[in-house]
Amino acid sequence: MELRRSSRIKARAMTRPVSPFLMTATRKRNHHIASHEEKEQKEYEEVMRYKFRAKPAPFSIFDDGQTGVPKKRKKEATKAKTPMALKRKKGSAISKAKKKVQDKNNALKKLKALPLPDLKKVFEVTKEEKKLTKPKPFSFEAKYEKPNEVKKRLLEETLDKEKKTARV
């Protein structure tokens with residue numbers, strides 16, 4: 001344990017300050033500012049260096065007689081091919097699928113509509129009795145009778161105690 005701690009202490013040495021290498025030290029500014037004429041002359045020289053030169057077209061293209069965009073050919077519709085093994089079997093997947101479709105079609109045909117409602121009862125008006133809330137009598141005096149009595153008793157008791165202590 002002590003050896004590890006001592007090795008850590010030895011590994012830690014005092015840090016040495018290093019000055020930062022800033023980009024501003026290497027930055028240079030051009031003291032000569034090009035005029036408008038100089039800029040145009042420079043641009044003209046660049047354009048003259050990179051002139052567009054068209055190469056002659058090979059004549060082998062025109063020998064075929066086909067020029068421009070080729071016409072789009074229509075593809076023939078593909079026909080579904082079923083394996084012979086599936087055709088021969090009676091309980092094959094195709095025949096089962098056909099039976100399911102037929103069963104669904106038959107099931108849809110067997111649906112029946114709901115019976116018509118009795119329209120005589122629709123136009124009859126029925127009165128519903130509404131229960132009204134009845135107000136209960138309320139008064140603040142009745143509500144606060146007991147608490148007021150308790151307060152009065154406490155006041156009387158405290159006054160009696162004060163009179164007794166004052167007499168002594």
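Just so we're clear, the structure is a prediction, and the values are computed from it rather than from any experiment. All values below were derived from every heavy atom in this structure, side-chain atoms included, with hydrogens, water molecules and symmetry-related copies excluded. One is the number of the first residue; the rest follow in order along the sequence.
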Do Lys161 and Glu156 have side-chain heavy atoms sitting under 4.5 Å apart?
no

So CZ of Arg16 and CE of Met14: to nearest 0.5 Å the spacing works out to 10.0 Å

Is the backbone of Glu37 close enough, under 3.5 Å, to the side chain of Glu40 for a donor and an acceptor to pair up by distance?
no

Atom CD of Glu45: over 12 foreign heavy atoms under 6.0 Å:
yes

The reported gap from CG in Asn148 to CZ in Arg153 (rounded to nearest 0.5 angstrom) is 11.5 Å

Who else is in the cluster with Phe138 when I, L, V, M, F, W and Y are joined by side-chain contacts under 4.5 Å?
Phe140, Tyr144

If I take atom CG from residue Leu154 and atom NZ from residue Lys152, how far apart are they, to the nearest 0.5 angstrom?
13.0 Å

Assess whether side-chain contact (heavy atoms from CB on, under 4.5 Å) is satisfied between Gln41 and Glu46, documenting all intermediate values.
CA-CA 9 Å; Gln41 183 67 29; Glu46 285 181 19; over 6 Å; no

Might you point out which heavy atoms bring Thr158 and Leu155 nearest each other, and give the distance in Å?
OG1-O, 2.7 Å

In Å, rounded to the nearest 0.5 Å, how long is the span from CG of Leu132 to NZ of Lys130?
9.0 Å

